[in-house]
Protein chains: 2
Amino acid sequence: MASQSASSPDSNPDSLSTQLAARGYKLTRPRRAVLRVVAETRESLSPSEIHARAKKFYPQTGLVTVYRTLEVLAECGAVRKVHQADGCHSYAPASEGHAHHIICENCHSVVEFEDCDLAEMVKTVQRHTGYKIEGHWLELFGVCPNCRR
Amino acid sequence: MASQSASSPDSNPDSLSTQLAARGYKLTRPRRAVLRVVAETRESLSPSEIHARAKKFYPQTGLVTVYRTLEVLAECGAVRKVHQADGCHSYAPASEGHAHHIICENCHSVVEFEDCDLAEMVKTVQRHTGYKIEGHWLELFGVCPNCRR
DNA sequence: GGGCTAATTGAAAAACGTTTTCAGTTGGGA
DNA sequence: TCCCAACTGAAAACGTTTTTCAATTAGCCC
């Protein structure tokens, strides 16, 4: 079942805050700013885009702190790095557990989905190549409902 | 059916050469050097690794030219950018047509495979999200036969 | 084979994105 | 309120990629 990232329980700023606190991280102003940016977006954003937006909430926010906060959020699983043709330098909100992204080629909006049954394919490929397959990585590209109009 | 990249017809230096010529590219010494490196490897290599190896064949080869040649080769479909956890800065030999890579987490060796039947999944995801899905991108991670020993 | 010309080259410099360093600041428990 | 480890931003360091430019070279034409 697919779910809108921006409205999933885990990218809600409150639950993110408590999740950080639970892991012993302090809830500082710049972190709050980055959290808000991530929670409010439906697009994948580069660190510097996130920095620009975070400054609207807390103008002193430094780019360095954005990098550090993204690292923490990725560790918590709240964001995921998104890999695109032009590089792998943006982050998208993510909910818990195994999930993949669909990215709109037009507006970069991102939606998560979980239906990825690759078991059959993995078996075949293992048989053909002799590799022991331990993980996979899948992204879909397309056009979102908004941009189709 | 899976195929060893290094032995596929398209990463063979000769056919690569004629392919370049067909597109109006000149066959210069540094390009030959990069071609040989790509044709001979079974791993995914970063531009600077490729540069280091290319210098064995033509010592004057500049790193800039490696970047430029990789761009040309990617355009011809002879190499593909490989995306890994630590970044997306390496290239793997690629044969023609739609294919994906399996990358060994231990030695970075790369094998291609073509069995990717995602049609069913794509249909489901389209229904659930409203996105019109136009492409996908899949990489498998695992341990190659050599490293399993 | 020799010469011509556009494509290609390497070195240096610029431009990026990311990480490290460090002295000063701050969140949140005692 | 005080205290201290966690955290911060500015500056500098760093590695990768791109741009610039004068010199070189591949391959066509004669």
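Just so it is clear, the structure is predicted and the values come from calculations on it, not from any experiment. Reminder, nothing fancy here: chain letters follow the sequence lines and each chain counts from 1.
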What is the distance from [atom1] of [X] to [atom2] of [N], rounded to the nearest Å?
X: B:His89; N: D:dT18; atom1: NE2; atom2: P; answer: 11 Å
X: A:Tyr67; N: D:dG15; atom1: OH; atom2: C1'; answer: 13 Å
X: B:Arg23; N: C:dA7; atom1: CZ; atom2: P; answer: 17 Å
X: A:Leu70; N: C:dG17; atom1: CG; atom2: P; answer: 15 Å
X: B:Glu71; N: D:dT19; atom1: CD; atom2: C1'; answer: 12 Å
X: A:Ile50; N: C:dT18; atom1: CD1; atom2: P; answer: 11 Å
X: B:His51; N: D:dG15; atom1: NE2; atom2: C1'; answer: 15 Å
X: A:Lys81; N: C:dT18; atom1: NZ; atom2: C1'; answer: 10 Å

Exercise for the section: Using the closest heavy atom to pick a nucleotide of DNA chain D for each, name whichever of A:Gly24 or B:Cys88 lands nearer the 5' end. Expected result: A:Gly24
Practice task
Let me know, please, whether A:Thr69 or B:Ser48 comes out on the 5' side of the other along DNA chain D by nearest nucleotide.
Solution key: A:Thr69
Exercise for the section: With heavy atoms under 4.0 Å as the rule, sort A:Ser46 into base, sugar-phosphate or nothing. Expected result: nothing
Practice task
Quick one: label A:Thr61 by what it contacts on the DNA or RNA (base, sugar-phosphate, nothing), any heavy atom closer than 4.0 Å.
Solution key: sugar-phosphate
Exercise for the section: Looking only at side-chain atoms of A:Pro47, point me to the closest of C:dT18, C:dT9, D:dT17. Expected result: C:dT18
Handout entry: Shared hydrophobic cluster, B:Phe113 / B:Leu118 (ILVMFWY, side-chain heavy atoms < 4.5 Å)
Key = yes
Completion exercise
With sugar-phosphate taken as primed atoms, P, OP1 and OP2 and all else as base, the protein-contact string of nucleotides 20-30 of chain C at under 4.0 Å (heavy atoms; B, S, -) is BB-----BS--
Problem - A:Arg23: salt bridge (charged side-chain N to carboxylate O under 4.0 Å, His left out) partners, not counting sequence neighbours - result: A:Glu75
Handout entry: Below 4.0 Å: OP1/OP2 of C:dT9 and any side-chain N or O of B:Arg31
Key = yes
Exercise for the section: Take atom CD of A:Gln60 as the centre, draw a 6.0 Å sphere, and report whether it contains more than 12 heavy atoms from other residues, nucleotides or ligands. Expected result: yes
Practice task
Check whether more than 12 heavy atoms from other residues, nucleotides or ligands sit under 6.0 Å from atom CD of B:Glu134, and answer yes or no.
Solution key: yes
Exercise for the section: Would you check if there is a donor-acceptor pair between the side chains of B:Ser46 and B:Tyr91 at a distance under 3.5 Å? Expected result: no
Practice task
May I ask you to decide if the ring planes of A:His89 and B:His89 are parallel, tilted or perpendicular, using 30° and 60° as cut-offs?
Solution key: tilted
Problem - Distance flag, aromatic centroids of B:His100 and B:His136, threshold under 6.0 Å - result: yes
